[in-house]
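Remarks on the structure that follows.
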Amino acid sequence: MIRTLLLIMITTSLSLAGCNTTTNPSTEEEKQAVQSAGIERVSSDKFEKMILRHGEAVQLLDVRTPEEYAGGCLENARNIDYYDPDFKNKVAELKKDEPVFIYCAVGGRSAAAAKVLQEQGFTWVIDLAGGITDWKRSGRSVK
């Protein structure tokens, strides 16, 4: 009984240790490791810092509906509705070898869209955990 409980605790600890998805690539080697993984899900704080680091050339993608987008979006975000039947063709116009920052309302659509981008060969997709809802909740502004 004790051996079983100990085994379960060790297995759980090892599983949880592998769940950290918010890395901070500070070296070229770390950046390549993140890029090869394809998708990085990050907090609002880290999302904002990474966008600022990439400057005006950032590829910022809002995958909500046009109505949601019109209600407020992140500065310089391009709207490509995940539910649009032409979504895959529209996102194919983005640069595949540069980071794509992606968000939706709460994180579901952006996670699904990030997988689509990864399947299309995009090397690094940064997904905003909690979406624009978390962004606003953390006190950040929208336009």
Side-chain angles (χ1 to χ4, degrees), residues 4-143:
T4 304
L5 183 58
L6 184 58
L7 184 59
I8 290 171
M9 288 173 36
I10 291 170
T11 304
T12 302
S13 295
L14 290 173
S15 296
L16 291 174
C19 289
N20 184 4
T21 60
T22 57
T23 60
N24 186 10
S26 58
T27 67
E28 190 60 34
E29 182 178 317
E30 289 173 341
K31 184 176 178 182
Q32 288 174 355
V34 169
Q35 287 177 336
S36 67
I39 300 171
E40 183 177 7
R41 193 168 180 98
V42 300
S43 68
S44 294
D45 184 50
K46 186 165 182 182
F47 195 78
E48 181 179 48
K49 287 176 184 174
M50 292 174 80
I51 288 173
L52 292 172
R53 241 185 286 159
H54 284 87
E56 291 182 22
V58 71
Q59 297 185 104
L60 181 58
L61 183 60
D62 183 324
V63 297
R64 298 175 302 152
T65 65
E67 295 79 21
E68 290 172 301
Y69 180 80
C73 63
L74 275 61
E75 184 85 27
N76 299 318
R78 177 177 175 183
N79 182 227
I80 302 177
D81 183 358
Y82 177 72
Y83 296 127
D84 184 328
D86 205 28
F87 177 77
K88 288 182 180 181
N89 291 328
K90 290 179 178 180
V91 295
E93 298 172 6
L94 299 171
K95 296 175 186 172
K96 291 183 179 185
D97 59 340
E98 297 200 14
V100 176
F101 294 82
I102 190 169
Y103 71 93
C104 65
V106 295
R109 283 174 285 180
S110 63
K115 288 181 183 177
V116 169
L117 293 175
Q118 184 181 43
E119 289 167 3
Q120 288 190 359
F122 285 81
T123 56
W124 193 9
V125 180
I126 300 92
D127 182 12
L128 176 58
I132 199 167
T133 301
D134 187 64
W135 180 270
K136 289 189 230 179
R137 190 179 304 127
S138 67
R140 292 173 170 80
S141 63
V142 297
K143 72 167 197 163

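As the structure is a prediction and not an experimental result, all values here were calculated from the model.
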When rounded to the nearest 0.5 angstrom, what is the spacing between CG in L128 and CG in L74? 7.0 Å
Sequence neighbours left out, what passes side chain to side chain donor-acceptor pair (under 3.5 Å) with K49? Give chain and number order. D45
How long is the span from the CD1 atom in I80 to the CG atom in L61, to the nearest 0.5 Å? 5.0 Å
Are side-chain heavy atoms of N79 and P66 found at a separation under 4.5 Å? yes
Can you name the side chain to side chain donor-acceptor pair (under 3.5 Å) partners of D84, sequence neighbours left out? K90
Residue pair L94 / R78, side-chain heavy-atom distance below 4.5 Å: yes
Set of residues satisfying ring pair (Phe, Tyr, Trp, His ring centres under 6.0 Å) with respect to Y69, sequence neighbours excluded: none
With sequence neighbours left out, write down each residue that passes side chain to side chain donor-acceptor pair (under 3.5 Å) with S138, or none if nothing qualifies. R140
In chain order, what residues pass the side chain to side chain donor-acceptor pair (under 3.5 Å) check against Q59, with sequence neighbours excluded? none
Going by ring pair (Phe, Tyr, Trp, His ring centres under 6.0 Å), name the residues that satisfy it together with F101, two or more places apart in sequence or in a different chain. F47, H54
Please examine the side chains of V63 and I102, heavy atoms only from C-beta on, and report whether any two atoms are closer than 4.5 Å. yes
Do L60 and Y103 come within less than 4.5 Å of each other through their side chains, counting heavy atoms only? yes
About how many Å separate CZ of R64 and OG of S110, when rounded to the nearest 0.5 Å? 10.5 Å
